[in-house]
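One structure below.
Every heavy atom of this structure was used, including side-chain atoms; hydrogens, water molecules and symmetry mates were not.
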Amino acid sequence: MTKLSPIESEFATSEDAEAHDAWFRAKVEKAMASREPGIPHEEVMAEMRAIIERHQAK
């Protein structure tokens, strides 16, 4: 197990980093292979603006 410096990585060990990378790559591959319709950019941006505004109001 190789320990990593916080300057090098957000993960404590190289094994943690590799496990996260494998998980992330699997999620991306699954999304790219999906045949579900995409979400329009404007809809996503409107949802994100609403989330940001809710958190700024706190």
Side-chain angles (χ1 to χ4, degrees):
M1 175 169 24
T2 305
K3 289 194 172 202
L4 300 173
S5 158
I7 294 172
E8 296 174 294
S9 175
E10 64 185 290
F11 301 100
T13 66
S14 58
E15 288 80 8
D16 290 344
E18 290 167 6
H20 180 270
D21 185 64
W23 168 82
F24 185 76
R25 287 177 184 272
K27 298 270 290 180
V28 170
E29 287 175 13
K30 182 180 176 183
M32 290 178 67
S34 174
R35 296 291 175 218
E36 292 182 27
I39 302 171
H41 177 76
E42 295 78 20
E43 185 178 329
V44 173
M45 293 306 294
E47 289 178 24
M48 293 304 106
R49 276 193 288 279
I51 290 170
I52 291 168
E53 288 172 5
R54 273 199 315 272
H55 283 76
Q56 286 178 336
K58 289 183 178 181

Value rounded to 0.5 Å, distance of CD in E10 from CG in D16: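 The CD atom of E10 sits 10.5 Å away from the CG atom of D16.
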From T2 atom OG1 to E15 atom CD, the distance as rounded to the nearest 0.5 Å: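 Rounded to the nearest 0.5 Å, the OG1-CD separation comes to 5.5 Å.
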Listing, residues 20-44 side-chain donor-acceptor contacts under 3.5 Å, not counting sequence neighbours, or none:
| from | atom 1 | to | atom 2 | distance (Å) |
| --- | --- | --- | --- | --- |
| D21 | OD1 | R25 | NE | 3.3 |
| D21 | OD2 | R25 | NE | 2.8 |
| S34 | OG | E36 | N | 3.1 |

